[in-house]
Amino acid sequence: MNDGSAAVERIRGAFALAITDIGSVHGVPMLRLLKQDVPAVARYIHTDPHVRGSLSLLWAVDHRPREARYELCYLFTLADRKDWLLLSVDLTGGEREFASITPVVHAAKWYEREIRDLFGLIPVGHPDMRRLVRHEHWPKGSHPLKKEFDWDQVLGRVQGEYAFRKIHGDGVFEIPVGPIHAGIIEPGHFRFSVAGEPILQLEVRHFWKHRGVEKLFEQQRLTEAVPLAERVSGDTSVGHGLAYCQAVETLLGVTVPPRARYLRSLFLELERLHNHIGDVGAICNDTAYVVAHAHCGRLKEQLMQLNDRLTGSRFLRGVNTVGGVSMDLSGVQLSQVDAELQAIEREFAGIEKILFANASLTERLENTGVLSEHIAWDHAVMGVVGRASGIDRDLRRDRPFAAYHECPPKMAVYRYGDVRARMRVRLDEVHDSIRLIRALHRQLPMGLLITQSVEVPTPGQWAISAVEGWRGEIIYVVMAGAEGRIHRCKVRDPSFVHWPAIQWAALGNIVPDFPLINKSFNLSYAGNDL
Amino acid sequence: MFRIMKKSLATGVVTGQYPAAKSPTEPVSREAIEKAKPFRRSLTIREVDTGSCNACEMEMNALANPVYDVERFGVHIAASPRHTDALVVTGPVTVNMERALKDVYKQTPDPRLVIALGDCAINCGVFKGSYAVTGPVERHIPVDVRIPGCPPRPAEILAVLDRLRGAHTETDE
Ligand code: SF4
């Protein structure tokens, strides 16, 4: 009985007075709540054994100038059938404070700090009120997502210093790393507190790459922002592009033609493939197992060249467009894909055998960087990292999009939560992606590639869309503004959820293992910082 | 052990198996080639990401894979700016990275080259105008070489590095 409506009934039973209205947004039930009751309801949803919701997204909207209010929305994924449930609360009349749910739902921690920085709304009761996105040199009162903040203004610079959490004790010292790292890696700062070798605490200090992506979306038209979405996190160009397109299609009431849906799945799997193979190699590289790295690097390159031949972009950019896909694959091209993937699968299987015959490799991976199922659940972890920690979630199965209804994935779920499990998930998914691409090819229907639409959504209408990218769940919330423009676009890369979790996975490990743990998560800095 | 050797033998040499780059749209200036002269056959590079979408990074990383094997041209990736001949900068310069970029530049010993890699580094790309971006790179530090593209393909990056090393000196431009 655990579907969305049953959960709504239970919550209504328990909190009749807290709920002011029950509605739905494109089929997702939404409860409007009184401000002061949000923490209690959130706690209930998170902990009640019949509901067990995990917080998938928390975002704010500034409705001005149309309406003088801010709105906070909470999206929960219910544990058993993976239904969605929305909560919403309004801040009106110049109110700037809202009740923090972080003390009862850990997963809200970064979201609430983000909202404080970007909207100037204050999560009362939040245990950590330091800045997140806005580094200390940003002037006071600069909150970019408030409507009166000009998107292209020049920010001033003030003095200020971030206060890292300190651990005191005999022999405890700190190791600062970053923002610029030794390899070719994106910028981010890691602060380790250690005593001897083991890590006592890791604090991740990010948002060096904050480019103002969400504000940039607000300067664009609904139908024209796909290139920006593809540049949120370049390694996930298809995933982000697709998630954005789907949200806009829901807004416009567009049904994507079947052939386009299949091609979308196919491109998404091609993206998963080259990233997973690259990651397997990178994990091996961090254990100094260079042979495997070289082989994986070669296969990854082969796939990127294939992408380039198929679409003119090694990152498959430009394939998704609002309403469908912008390019077709011919029968000849598809047979090339088949032939190439067959060769790659054979080679990859060979490499796998070599990997697991090597004790010095597997020794490094086992029991390293363990993320327990409990902590993963508390932090709403999903995707590859989640599936390696026993979190059985995959949007391709749970909320099928593109052509996954017709071609569902096989799940790869492991329990140990260590580096090895995260590598295992990737190995399994490489094989499954190849299988899926074959199945998609076999069943590929003929027909149109794009559905045109002349519809202009009413300002204030909005839609959510979610895509299982190669890292995990990518979520977009798009709200229409006047004349086909974007009023608000909330972007959520899975990295935003997983960075706080990696702080837990690192505990107790030795510092030299951290690069390995980090690789096994392989999170995006660009997608996190926006 | 035998498995590994067998695999290597079966694979053979893959280096160089990539489509040739189209000739660079932006020529490498005489000054830059002149400036690169002292480094000749060995150019040590430090990559600095000042807010890219990370696709440019991925292509830089690809340079090290066996197919491009950039080391065969004497190009090394250094772990510290103090060991560096050329800084490769990707991404528009964000408000939060501006300081770090200037610091890195200061720590790079003279003579030094700065290569702006990708459209973002050259003109901020899709992020142009944003409150959070103060770039492009040349607003903050002098740029010697530009490699346009979003992202430029590894073969295109190689072609520019090739010219920089003087491999095609004088004849083209
Ligand atoms: S130039 Fe293109 S690929 Fe490179 S960082 Fe900018 S958006 Fe990304």
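Throughout, a chain's letter reflects where its sequence line sits, starting with A, and its residues are numbered from 1.
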* By a 4.5 Å heavy-atom criterion (distance strictly below it), what part of A:Asp529 contacts chain B: side chain, backbone, both, or neither? -> neither
* To do: Please flag which part of A:His274 lies under 4.5 Å from any non-hydrogen atom of chain B: side chain, backbone, both or neither.
  => side chain
* Asked: Is the closest side-chain heavy-atom distance between A:His210 and B:Thr94 below 4.5 Å?
  -> no
* Can you tell which of A:His181, A:Arg298, A:Gln153 has the highest number of heavy-atom pairs within less than 4.5 Å of chain B? -> A:Arg298
* With only heavy atoms counted, which part of B:Cys150 is less than 4.5 Å from chain A, the side chain, the backbone, both or neither? -> both
* Structure fact -> Tested for side-chain contact (heavy atoms from CB on, under 4.5 Å) against A:Leu242, the lone hit among A:Ile474, A:Asn320, A:Val226 is A:Asn320
* Will you find, in the side chains of B:His140 and B:Thr134, an N or O donor that is under 3.5 Å from an N or O acceptor? -> yes
* Structure fact -> Turns out that what part of A:Arg317 lies under 4.5 Å from chain B's heavy atoms comes down to side chain
* Any donor-acceptor N or O pair under 3.5 Å, side chains B:Thr90, B:Glu57 -> yes
* Asked: Do any N or O atoms from the side chain of A:Gln219 and from the backbone of A:Lys215 form a donor-acceptor pair under 3.5 angstrom?
  -> yes
* Side chain / backbone / both / neither for A:Arg134 at chain B, heavy atoms under 4.5 Å -> neither
* Is it true that B:Lys35 and B:Glu31 have a side-chain N and a carboxylate O under 4.0 angstrom from each other? -> no
* Relative to chain A, which of B:Cys53, B:Ala79, B:Ala132, B:Pro154 shows the most heavy atom pairs under 4.5 Å? -> B:Cys53
* Asked: Hey, does the side chain of A:His137 reach the backbone of A:Glu161 with a donor-acceptor pair shorter than 3.5 angstrom?
  -> no
* To do: Pick one of side chain, backbone, both or neither for A:Val290, based on which atoms fall under 4.5 Å of a heavy atom in chain B.
  => neither
* Structure fact -> The interface call for A:Ile180 against chain B, heavy-atom contacts under 4.5 Å, is side chain
* Would you mind telling me which of A:Glu301, A:Gln302, A:Lys353 has the largest number of heavy-atom pairs within less than 4.5 Å of chain B? => A:Glu301
* Ionic contact status for A:Asp62 with A:Lys147, cut-off 4.0 Å -> no
* Which portion of A:Arg314 sits near chain B, non-hydrogen atoms under 4.5 angstrom -> side chain
* Structure fact -> Turns out that what part of B:Val133 lies under 4.5 Å from chain A's heavy atoms comes down to side chain
* Structure fact -> Most heavy-atom pairs under 4.5 Å with chain A, out of B:Ser52, B:Cys124, B:Pro19, belong to B:Ser52
* chain B contact via A:Glu186 - which portion, at a heavy-atom distance below 4.5 Å -> both
* Structure fact -> Whatever's closer than 4.5 Å to a heavy atom in chain B on A:Glu347 counts as both
* Asked: Using non-hydrogen atoms only, which part of B:Tyr68 is less than 4.5 Å away from chain A: side chain, backbone, both, or neither?
  -> side chain
* Asked: What residue in B:Arg46, B:Glu47, B:Arg99 has the most heavy-atom pairs under 4.5 Å with chain A?
  -> B:Arg46
* With a 4.5 Å cut-off on heavy-atom pairs, point out which of A:Gly297, A:Gly350, A:Ser142, A:Ser524 contacts chain B the most. => A:Gly297
* Find the one option among B:Ile77, B:Asp103, B:Asn54 whose heavy-atom pairs under 4.5 Å with chain A are most numerous. => B:Asn54
* **Pair B:Ser130, A:Arg211: side-chain N/O donor-acceptor within cut-off below 3.5 Å** => no
* To do: Identify the two heavy atoms, one from A:Arg471 and one from A:Ser495, that lie closest to each other, and give their separation to 0.1 Å.
  => CD-OG, 3.6 Å
* Asked: Measuring heavy-atom distances to chain B, does A:Pro179 have an atom under 4.5 Å in its side chain, in its backbone, in both, or in neither?
  -> side chain
* **Part of B:Ala78 within contact of chain A (heavy atom distance under 4.5 Å)** => backbone
* Do B:Arg112's NZ or CZ and the ring of B:Tyr105 fall within the cation-pi criteria of under 6.0 Å and 45°? -> yes
* Atom group of A:Asn275 that falls short of 4.5 Å from chain B, counting heavy atoms -> side chain
* Asked: Quick one: CD1 on B:Ile157 to SG on B:Cys56, what's the gap to the nearest 0.5 Å?
  -> 7.0 Å
* Asked: Is a donor on one side and an acceptor on the other found under 3.5 Å between the side chain of A:Arg113 and the backbone of A:Arg131?
  -> yes
* Under 3.5 Å: donor-acceptor pair, side chain of A:Arg272, backbone of A:Gly469 -> yes
* To do: Indicate yes or no: at least one non-hydrogen side-chain atom of B:Leu113 is less than 4.5 angstrom from one of B:Phe39.
  => yes
* Residue among A:Lys209, A:His293, A:Arg309 with most heavy-atom pairs under 4.5 Å to chain B -> A:Lys209
* To do: Can you tell which part of B:Pro81 gets under 4.5 Å to a heavy atom of chain A, answering side chain, backbone, both or neither?
  => neither
* So what's closer than 4.5 Å to chain B heavy atoms on A:Val154: side chain, backbone, both or neither? -> neither
* Asked: Checking B:Asn65 against chain A: side chain, backbone, both or neither under 4.5 Å from a heavy atom?
  -> side chain
* Asked: Any donor and acceptor pair, going by atom type alone, linking the side chain of A:Asn307 with main-chain N or O of A:Ser313 inside 3.5 Å?
  -> no
* Interface residue of largest heavy-atom contact number with chain A, from B:Leu101, B:Val67, B:Val95, B:Val93, under 4.5 Å -> B:Val95
